[in-house]
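Only one structure is covered here, and it is reproduced in the block below.
Quick note: numbers below take in every heavy atom, side chains included, and nothing from hydrogens, waters or symmetry partners. First the proteins, then the strands, lettered A, B, ... as listed; each starts at 1.
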Number of protein chains: 2
Amino acid sequence: MTRLVQRILPSPLGPLRLVASDLALVGIYFPEHRPAPAHAGEDAEHPPVLDLAARELDEYFAGRRRRFTVALDPRGTEFQRAVWRALAAIEFGEQRSYADLARQIGQPTAVRAVGAANGRNPLSIVLPCHRVVASSGALTGYAGGLAAKQWLLAHEQRLAGA
Amino acid sequence: MTRLVQRILPSPLGPLRLVASDLALVGIYFPEHRPAPAHAGEDAEHPPVLDLAARELDEYFAGRRRRFTVALDPRGTEFQRAVWRALAAIEFGEQRSYADLARQIGQPTAVRAVGAANGRNPLSIVLPCHRVVASSGALTGYAGGLAAKQWLLAHEQRLAGA
DNA sequence: GGCCGTCTCGCCGTTTTCGGACGTCGCCGC
DNA sequence: GCGGCGACGTCCGAAAACGGCGAGACGGCC
């Protein structure tokens with residue numbers, strides 16, 4: 001029940017809205033995020049975690065960071081958190097299918113539910129839901145729009161080779 | 001979403017639990033309150049509003065206060081807040097029926113629902129749900145027990161005449 | 001014969017909807 | 001008095017709808 005504060009961070013994908021509690025990052029949202037996230041409190045004072053998140057994201061976009069260290073507190077159901085935990089294990093530049101994730105959390109048939117949980121990921125980019133594509137390899141959806149997903153994958157692809 | 005703090009206040013009706021946010025009083029609960037209210041946070045620091053509430057309640061029980069000035073923030077559905085607003089208009093020593101209240105909020109047939117809303121009143125005493133009785137004049141129910149309701153009415157009756 | 005697109009259907013957690021039950025009642029008969 | 005019934009917002013549980021899917025079946029097209 002701690003207060004939430006937010007901060008807007010410019011990025012190549014448009015202004016990102018970072019939301020944090022006193023202790024951890026709680027959300028990263030695109031300008032036209034879908035589904036629209038709940039409104040956060042005013043940004044009176046910036047807790048340190050918010051500044052750290054902004055710095056790491058800047059580095060990520062600049063190609064100088066592949067993993068994030070900022071404390072996270074993704075809020076959701078038990079199942080969703082399990083999916084998001086699995087997300088965190090996908091390395092920079094890699095890709096997985098929704099079926100892969102389902103297997104990984106021990107519920108190989110819950111493919112569709114994994115897709116839904118993926119769509120509710122509150123920590124875009126940091127929890128790399130953009131690295132999950134259909135088994136066929138097709139891009140299927142993204143909270144920030146498919147263009148953003150494609151941009152992120154290309155960005156990582158470019159750097160992964162180097 | 002501000003933090004809630006609480007404080008116990010001794011009274012002729014037993015220890016009352018006062019709950020407040022930074023800005024306003026949110027709840028007043030009897031020892032055996034029904035339905036049981038949600039648990040509040042720890043009482044680390046007392047916001048001014050909590051002390052003011054305690055003082056005014058003391059004065060009320062001592063017979064030196066008939067109206068409260070402490071800021072209130074009763075949380076509930078729109079309908080409930082409408083009922084509670086109507087409650088606040090009942091003067092010290094007066095009594096109304098549930099049907100009266102229903103008429104007052106413009107939903108004369110929602111008598112039973114008014115009763116239910118009354119039962120969910122989070123601010124006992126300050127929002128005087130004890131001044132509402134059946135059309136027949138009978139005492140019908142009270143979160144703090146019928147004895148408490150009777151005590152409050154008698155208390156006000158005694159002073160109203162003076 | 002391969003190689004796609006398209007369709008259909010089963011999968012499953014979450015969300016939304018729906019229906020019934022439950023009150024701090026009041027009115028009408030008896 | 002007492003019993004019965006109607007009133008209506010809430011709560012709660014059940015049921016249905018809804019997705020950022022995947023596998024298999026078809027039908028075209030080289």
### Task
Can you tell me which stems involve DNA chain C, if a stem is defined as three or more consecutive Watson-Crick or G-U wobble pairs, both distances under 3.5 Å?
C:1-10 with D:21-30, C:12-23 with D:8-19, C:25-30 with D:1-6
### Task
Check whether any side-chain N or O of T109(A) sits under 4.0 Å from OP1 or OP2 of dG10(C), and answer yes or no.
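Checking T109(A) against dG10(C): no side-chain N or O falls below 4.0 Å of OP1 or OP2.
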### Query
Are OP1 or OP2 of dG22(D) and a side-chain N or O of S135(A) less than 4.0 angstrom apart?
yes
### Query
Within this structure, what is the CZ-to-C1' distance between R120(A) and dC18(D), rounded to whole angstrom?
9 Å
### Query
Taking CG from N121(B) and P from dG23(C), how many angstroms apart are they, rounded to a whole number?
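About 18 Å, once rounded to whole Å.
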### Message
So if I take residues 85-94 of chain B and measure heavy-atom distances to DNA chain D, which residues fall below 4.0 Å?
### Response
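Hits under 4.0 Å, by residue number: none.
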### Message
Can you tell me whether the side chain of Y98(A) and the base of dG20(D) have a donor-acceptor pair closer than 3.5 Å?
### Response
yes
## Note on the structure
Regarding the side chain of V111(A), the nearest nucleotide among dG19(D), dG23(C), dC21(D) is dC21(D)
### Message
Between E56(B) and R67(B) (salt bridge meaning N to carboxylate O under 4.0 Å), is one present in this structure?
### Response
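Looking at R67(B) together with E56(B), the answer is no, because their closest N to O distance does not fall below 4.0 Å.
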### Query
Does a side-chain N-to-carboxylate-O contact under 4.0 Å join D58(B) and R55(B)?
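Answer for the salt bridge query: no.
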### Summary
Of R103(B) and Y142(B), the one whose closest nucleotide on DNA chain C sits nearer the 5' end is Y142(B)
### Task
Only pairs at least two apart or in different chains count here, so list each ring-ring contact (aromatic ring centres under 6.0 Å, His included) that has a residue in residues 62-82 of chain A.
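Checked against ring-ring contact (aromatic ring centres under 6.0 Å, His included) - neighbours excluded - the pairs reaching residues 62-82 of chain A are Y60(A)-F68(A).
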